[in-house]
Colleague: 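Submitted below is the structure of interest, expressed as structure tokens.
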Amino acid sequence: MKKRSIVILSLGLLLVGACKPDKSTDILERSNIIAWCIVPFDANERGPVERAAMLKELGITKLAYDYRARHIPQFRDEIRILEEEGIELSAVWLWVQAMEDNKLDPDSESIVRIVEETGVNTEFWISFPEEFFGDMDDEAKFQKAVKTIRKLDERFRKSGCSIALYNHGAWFGDPENQIRIIEAIGSETIGIVYNFHHAHHEIDKFETLFPKMLPYLTAVNLNGMIKDGQKIVTIGEGEEELNMIRVVTASGYDGPVGILGHTEGEDIRVVLERNLLGLEEIKRDLEKLPEVQ
């Protein structure tokens, strides 16, 4: 994760007043966009070939892969077709339900083995269901998370892959707990992927939380944000995302940003197009705002 050292330097300069935050919207350009949550949520049930063709038509060159068990048999083809079409497999979601003797639950183990066997270098977005920790107290959760993530990091580094901790709610999804886990392990190949759609409860503290995450961020997935409102909202149709994205663009963060296809019963292309249009509106609005001081 070479980007991390650059971001730390940038943040340090900001703190001492050596440079001024840049209100750049470059990170919102189409070439920097990751399509996220588009595999199991597509009402048209596209396969790998159709999905890659759709992304190319939309001008999106990065995909973060999520799945359900029914998609695993297609995953090897997905990797091959993405490579043939020049689309980067930026990340693979991993919902770790169990880990015993260094072996994951069957679905996760199948996905990881395919990545290892194909030799693709990607980032695993790691999260756990609440049941993974059971009724442990916070310190026991911390110790189990550190042990599990450390073992996964050691395994993934052998195949040239990295880890980003995914904020999916509950104890593990708290970014401050994730930072503590990363610092305890001390690995340069572990980061954080921050999802707006799992952060409605953090809207009020986002401006102070984001700088804490910044040195570790490898991706930020955007969403329309309505305080105490529905979870999934088209970008530009919420009430809070403009200010939140403004914090991101002014921070010096220079990694990729994701847009969601996380809706039910819709053609995923239509959902992506809506979010791309909303993102263009956000970019225009950002240009009109004064710089963050």
Side-chain angles (χ1 to χ4, degrees), residues 1-4 6 24-68 70-94 110-125 156-164 166 189 191 193 195 217-222 235 249 253-262 266-280 282-283:
M1 292 173 58
K2 296 180 180 178
K3 180 174 75 69
R4 181 182 299 176
I6 296 172
S24 171
T25 59
D26 289 350
I27 62 168
L28 306 181
E29 294 297 323
R30 192 75 56 98
S31 60
N32 198 47
I33 297 297
I34 299 175
W36 171 227
C37 284
I38 72 168
V39 178
F41 293 96
D42 187 2
N44 285 13
E45 292 284 345
R46 288 176 175 83
V49 172
E50 296 80 10
R51 192 158 32 251
M54 174 192 68
L55 292 174
K56 288 191 74 172
E57 290 167 4
L58 293 174
I60 297 175
T61 59
K62 305 176 192 294
L63 170 69
Y65 187 80
D66 61 333
Y67 58 93
R68 300 295 181 265
R70 69 184 186 274
H71 300 108
I72 295 175
Q74 301 177 335
F75 185 43
R76 199 177 297 269
D77 286 340
E78 190 96 34
I79 292 171
R80 175 181 56 81
I81 291 164
L82 290 173
E83 183 176 3
E84 289 174 354
E85 297 298 330
I87 298 171
E88 175 186 299
L89 182 61
S90 299
V92 176
W93 177 67
L94 210 59
S110 295
I111 287 289
V112 171
R113 285 189 180 275
I114 292 170
V115 169
E116 291 171 336
E117 290 166 5
T118 57
V120 64
N121 298 138
T122 191
E123 180 172 80
F124 286 102
W125 288 354
F156 296 163
R157 280 191 284 114
K158 292 176 182 178
S159 57
C161 295
S162 59
I163 288 173
Y166 187 103
T189 53
V193 50
N195 296 268
L217 283 171
T218 63
V220 178
N221 293 325
L222 307 180
I235 297 169
T249 59
Y253 171 76
D254 62 354
V257 297
I259 60 171
L260 295 176
H262 196 316
E266 288 190 274
D267 178 350
I268 212 70
R269 179 180 183 129
V270 173
V271 181
L272 291 175
E273 287 175 336
R274 275 205 311 265
N275 279 289
L276 289 170
L277 287 172
L279 195 56
E280 289 298 321
I282 289 286
K283 285 165 60 179

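Computed from heavy atoms alone, side chains included, the values below leave out hydrogens, waters and symmetry copies. This is a predicted model, so every value here is computed, not measured.
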Colleague: Does Glu116 have any side chain to side chain contact (heavy atoms under 4.5 Å, CB included) partners at least two apart in sequence or in another chain, and if so, which?
Modeller: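 By the side chain to side chain contact (heavy atoms under 4.5 Å, CB included) rule, Glu116 matches Val112, Arg113, Arg155, Ser159.
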
Colleague: The criterion is side chain to side chain contact (heavy atoms under 4.5 Å, CB included); which residues satisfy it with Arg76, sequence neighbours excluded?
Modeller: Ile114, Glu117, Thr118

Colleague: Roughly how far, to the nearest 0.5 Å, is the CE atom of Met54 from the CD1 atom of Ile87?
Modeller: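 The distance works out to 8.5 Å.
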
Colleague: Mind listing the closest non-hydrogen atom pair of Ala219 and Tyr253 along with its distance?
Modeller: CA-OH, 3.2 Å

Colleague: Would you sort out whether Arg274 and Leu277 count as a side-chain contact (heavy atoms from CB on, under 4.5 Å), showing the intermediate values?
Modeller: CA-CA 5 Å; Arg274 275 205 311 265; Leu277 287 172; 5.9 Å; no

Colleague: To the nearest 0.5 angstrom, please state how far the CD1 atom of Ile81 sits from the CD atom of Glu83.
Modeller: 11.5 Å

Colleague: Check whether any side-chain heavy atom of Glu78 lies under 4.5 Å from a side-chain heavy atom of His71, and answer yes or no.
Modeller: no

Colleague: For Glu273, I'd like to know if atom CD has over 12 heavy atoms of other residues, nucleotides or ligands within 6.0 Å.
Modeller: yes

Colleague: Indicate whether any N or O donor in one side chain lies under 3.5 Å from an N or O acceptor in the other, for Ser90 and Glu88.
Modeller: yes

Colleague: With a 6.0 Å cut-off on ring centres, are Phe75 and Tyr67 close enough?
Modeller: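 That pair fails the under 6.0 Å test.
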
Colleague: Suppose we screen for side chain to side chain donor-acceptor pair (under 3.5 Å). Which residues come up paired with Glu50, at least two apart in sequence or across chains?
Modeller: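 Per chain and number, Glu50 pairs via side chain to side chain donor-acceptor pair (under 3.5 Å) with no residue.
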
Colleague: I'd like to check Val115 versus Leu89 (side-chain heavy atoms, cut-off strictly below 4.5 Å). Are they in contact?
Modeller: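 Not in contact.
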
Colleague: Show the nearest heavy-atom pair for residues Ile72 and Ser110, with the distance to one decimal.
Modeller: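 Residues Ile72 and Ser110, closest heavy atoms: CG2-CB, 3.9 Å.
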
Colleague: Looking at Leu260, is its backbone amide N or carbonyl O close enough to the side chain of Asn275 to form a donor-acceptor pair, meaning the two atoms are under 3.5 Å apart?
Modeller: yes

Colleague: Please identify each residue that fulfils ring-ring contact (aromatic ring centres under 6.0 Å, His included) with His262, with sequence neighbours left out.
Modeller: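 For His262, the residues satisfying ring-ring contact (aromatic ring centres under 6.0 Å, His included) (neighbours in sequence not counted) are Phe41, His197.
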
Colleague: Can you check whether Asn221 reaches Trp125 side chain to side chain, under 4.5 Å on heavy atoms?
Modeller: yes

Colleague: When you compare the side chain of Ile259 with that of Leu276, does any pair of heavy atoms fall below 4.5 Å?
Modeller: yes

Colleague: If you compare all heavy atoms of Gly261 against all heavy atoms of Val271, which two are closest, and at what distance to 0.1 Å?
Modeller: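 Taking Gly261 first and Val271 second, the nearest heavy atoms are CA-CG1, 3.7 Å.
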
Colleague: A side-chain contact here means heavy atoms from C-beta on lying under 4.5 Å apart; do Ile33 and Leu58 qualify?
Modeller: no

Colleague: Grab the two heavy atoms, one from Arg70 and one from Pro40, that are nearest each other, plus how far apart they are.
Modeller: NH2-O, 3.8 Å

Colleague: What verdict does the side-chain contact (heavy atoms from CB on, under 4.5 Å) test give for Val120 and Val92, after you've listed the backbone C-alpha separation in whole Å, the side-chain angles of each residue and the deciding distance to 0.1 Å?
Modeller: CA-CA 11 Å; Val120 64; Val92 176; over 6 Å; no

Colleague: The criterion is salt bridge (charged side-chain N to carboxylate O under 4.0 Å, His left out); which residues satisfy it with Asp66, sequence neighbours excluded?
Modeller: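 For Asp66, no residue satisfies salt bridge (charged side-chain N to carboxylate O under 4.0 Å, His left out) once neighbours in sequence are set aside.
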
Colleague: Got a second to check how far Thr61's OG1 is from Glu85's CD, nearest 0.5 Å?
Modeller: 12.5 Å

Colleague: Quick one: does any side-chain atom of Thr122 pair with a main-chain N or O of Ala91 as donor and acceptor, under 3.5 Å?
Modeller: yes

Colleague: Quick check: do Phe156 and Thr189 have side-chain heavy atoms less than 4.5 Å from each other?
Modeller: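 No; the side chains remain at least 4.5 Å from each other.
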
Colleague: Are Leu222 and Leu28 close enough that some pair of their side-chain heavy atoms sits under 4.5 Å apart?
Modeller: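 Yes, at least one pair of side-chain atoms sits under 4.5 Å.
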
Colleague: Please round to the nearest 0.5 Å and tell me the distance separating atom CD of Glu84 and atom CD1 of Ile79.
Modeller: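 That separation rounds to 12.0 Å.
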
Colleague: To the nearest 0.5 Å, tell me how far Leu279 CG sits from Glu29 CD.
Modeller: 9.0 Å

Colleague: Could you work out, with side chain to side chain contact (heavy atoms under 4.5 Å, CB included) as the rule, every residue matching Asn44, not counting sequence neighbours?
Modeller: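 Checked Asn44 against side chain to side chain contact (heavy atoms under 4.5 Å, CB included); matches are Asp42, Arg46, Asp267.
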
Colleague: Rounded to the nearest 0.5 Å, what separation is found between the CD atom of Glu123 and the CG atom of Leu94?
Modeller: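 The distance works out to 12.0 Å.
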
Colleague: Determine whether Asn195 and Trp36 make a side-chain contact, defined as any pair of heavy atoms from C-beta on separated by less than 4.5 Å.
Modeller: yes

